[in-house]
Engineer: 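Before I ask anything, let me first share the structure, which is written out below as structure tokens.
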Amino acid sequence: MINFEEELKNFKPSLEVEEAEAAIYNHDLTDVTDIITELIRDMKPGNPF
Amino acid sequence: MICYRCNHEAGNEKTCPICGADLGIFHKIIRLSNMCYNEGLQKAEVRNLSGAIISLKKSLKFNKYNIDARNLLGLIYYEMGETVDALSEWVISKSYQQDNNVAGRYLDELRQNRAQLDSINQTIKKYNQALLYCHQDSRDLAIIQLKKVLSLNPKLVRGHQLLALLYLQEDKLEMAKKTLRNAGKIDANNTTTLRYLKEVNAKIREKGSQKKKKEDDLLTYQSGNEMIIMPNRFQDSSLGSTLIYLVIGLLVGASVIGFLIVPGVKTNAKKEMNDKLVAANETITNNAQQITMLENQVKDLEEELGTLQGQSEALPEQTASYEALLSGYVAYVGNDIITAGMNLEDVDATQLSDSAKSLYETIWAEISEGYYEQLYSSGYSSYGAGNYTDAIDKLLRVVEYDPDYKDGNATYYLAQSYNRNADMDSARQYYQYIVDNYPGTEKAMTARNYLNEE
């Protein structure tokens, strides 16, 4: 049974064109390679990289 | 690829040619990213846009520099009506790769078509307004607004889904089904769409079973933009009932024809017959009148013909009389009394005109006495000369004029001429006349003797 109110919560307002710039800037562009690079850096503290 | 350690271009080498860093794992990540991209591409090809988005996001999570995946993701967003998300992906893609990037073309096309961009912006605003109406429980306004949005941007899957949700809430199941189908055409395996569709179908089935229990027994279905509601009982049309309906229909039709149409036709036919009869009678009457008139004309013509025929028959006699008169007149002028008298004897005074008759009478009065005198003399001379035929001719004229002419001598010599001409039969009557009228005379004795000799 579909609950109207619950389902309505899933619908978020769309970004307007003027808000596109902000959305792009706030876009999380971290990918796995960034994570692994971070991990490698963290794994070797004495590593100059 | 870029080396994580020294940030130099390492190409496809497993170790960085500059710093020697092990790049094997990064190559694996890139391969995973590409695998996810392929998966997303396959899903996009079969219109499973939601699934494609998940795969492509995964691909970009592995490798944000996967330009193809990002461009495709933007394209999918654009197809689903999420234009701003599409723009974002393309801008990011362009920033990662300036040259030889199809995202640049997409952005240029959008930038050049300003009107389209404004229209897209309007639809986004209206959609957000519709969403606000939903939160404010103004579902009717939300539906109206969403219809406008979808008319401007028919590929906005979220719009279709929200509208379907509203229809579901309003219990307009068929319309919800229709709009979900439209959403399904854009994004085939969208989870939300499928969930809503499942709910709609379940409700329809539930209502269908409930409707069967009702006495109304109505059947509702969507035909295009129209909602068709009809009594279900009309669906029950087995062959037997169809035949019965046919028979009933035929009987009703026959009754209608027999009671309504046939009398009318008969009446019309009778009226027509009567009219024709009247017309025929009129014709007969007219014809009879004409016949009578023609008969009268014929009668008149026959009378006239008879008159004319009489006249024509009398013409020869009339002509003969005139000719005789003329001949007689010529003879009279020539002092030929006998010829004039003979001609005038042939004249029928009744045939003559008044003037001709007057002439005839004048001449006759003048010559008649002398004519018979000369005629007797000539006849007697002919008798004496033995020319009995001529004597008979002349003496007969005299006798016819006056049997007692010259004391019966004309009659006596006429008888004698007949006798001498071997025509005793003709002589007898004249002999008898002499015997009867002049008894005791010599000619009477002679006549008796001739009579007794028979």
Engineer: So, the side chain of B:N121 versus the backbone of A:V17: is there a donor-acceptor pair under 3.5 Å, distance only?
Structural biologist: yes
Engineer: Counting heavy atoms not belonging to A:E21, are there more than 12 under 6.0 Å from its CD?
Structural biologist: no
Engineer: Non-hydrogen atoms of chain A under 4.5 Å away: do they reach the side chain of B:L162, the backbone, both or neither?
Structural biologist: both
Engineer: Nearest 0.5 Å please: distance from the CD atom of B:E89 over to the NE2 atom of A:H27.
Structural biologist: 4.0 Å
Engineer: Side chain, backbone, both or neither: which part of B:K203 has a non-hydrogen atom closer than 4.5 Å to chain A?
Structural biologist: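 Side chain of B:K203 only, per the 4.5 Å heavy-atom cut-off to chain A.
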Engineer: At a 4.5 Å cut-off on heavy atoms, which part of B:F62 comes close to chain A: side chain, backbone, both, or neither?
Structural biologist: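 Contact with chain A is through both the backbone and side chain of B:F62.
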Engineer: Please identify, among B:N63, B:I25, B:V91, B:L87, the residue contributing the most non-hydrogen atom pairs under 4.5 Å to chain A.
Structural biologist: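 Sorted descending by pairs with chain A, the first entry is B:N63.
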Engineer: Under the criterion side-chain contact (heavy atoms from CB on, under 4.5 Å), I'd like the reasoning laid out for B:I92 against A:I24: C-alpha separation, chi angles, the key distance, then a yes or no.
Structural biologist: CA-CA 7 Å; B:I92 294 167; A:I24 292 166; 3.9 Å; yes
Engineer: Rounded at 0.5 Å granularity, tell me how far CG in A:D34 sits from NZ in B:K61.
Structural biologist: 9.5 Å
Engineer: Please round to the nearest 0.5 Å and tell me the distance separating atom CZ of B:F26 and atom OG1 of A:T37.
Structural biologist: 4.0 Å
Engineer: So which part of B:L165 gets closer than 4.5 Å to some heavy atom of chain A, the side chain, the backbone, both or neither?
Structural biologist: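 Both parts, heavy atoms under 4.5 Å.
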Engineer: What's the shortest heavy-atom distance between B:Q169 and A:F4, and which atoms?
Structural biologist: OE1-CB, 3.1 Å
Engineer: Yes or no on side-chain contact (heavy atoms from CB on, under 4.5 Å) for B:N128 and A:E16, after CA distance, side-chain angles and deciding distance?
Structural biologist: CA-CA 9 Å; B:N128 293 339; A:E16 296 178 22; 3.9 Å; yes
Engineer: Can you tell me how far CG of A:D31 sits from CD1 of B:I29, rounded to the nearest 0.5 angstrom?
Structural biologist: 8.0 Å
Engineer: Indicate yes or no: at least one non-hydrogen side-chain atom of B:L168 is less than 4.5 angstrom from one of A:E7.
Structural biologist: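 No; the side chains remain at least 4.5 Å from each other.
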Engineer: Please give me the minimum heavy-atom distance between B:R158 and A:F11, naming the atom from each residue.
Structural biologist: O-CE2, 3.5 Å
Engineer: Using the side chain to side chain donor-acceptor pair (under 3.5 Å) criterion, which residues pair with B:R114? Sequence neighbours excluded.
Structural biologist: none
Engineer: Quick one: are A:N10 and B:T192 in side-chain contact, heavy atoms under 4.5 Å?
Structural biologist: no
Engineer: Can you check whether B:I124 reaches A:L15 side chain to side chain, under 4.5 Å on heavy atoms?
Structural biologist: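 A side-chain contact is absent here, since even the closest heavy-atom pair is not under 4.5 Å.
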Engineer: So which part of B:Q161 gets closer than 4.5 Å to some heavy atom of chain A, the side chain, the backbone, both or neither?
Structural biologist: both
Engineer: Can you measure from NZ (B:K64) to OG1 (A:T33) and round to the nearest 0.5 angstrom?
Structural biologist: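 Atom-to-atom, B:K64:NZ and A:T33:OG1 are 6.0 Å apart.
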Engineer: Under the side-chain contact (heavy atoms from CB on, under 4.5 Å) criterion, do A:L29 and B:L60 qualify, and how do the steps go?
Structural biologist: CA-CA 8 Å; A:L29 296 172; B:L60 290 171; over 6 Å; no
Engineer: Looking only at heavy atoms, which two atoms of B:V84 and A:A20 are closest? And how far apart?
Structural biologist: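 Scanning both residues, the minimum pair turns out to be CG1-CB, 3.7 Å.
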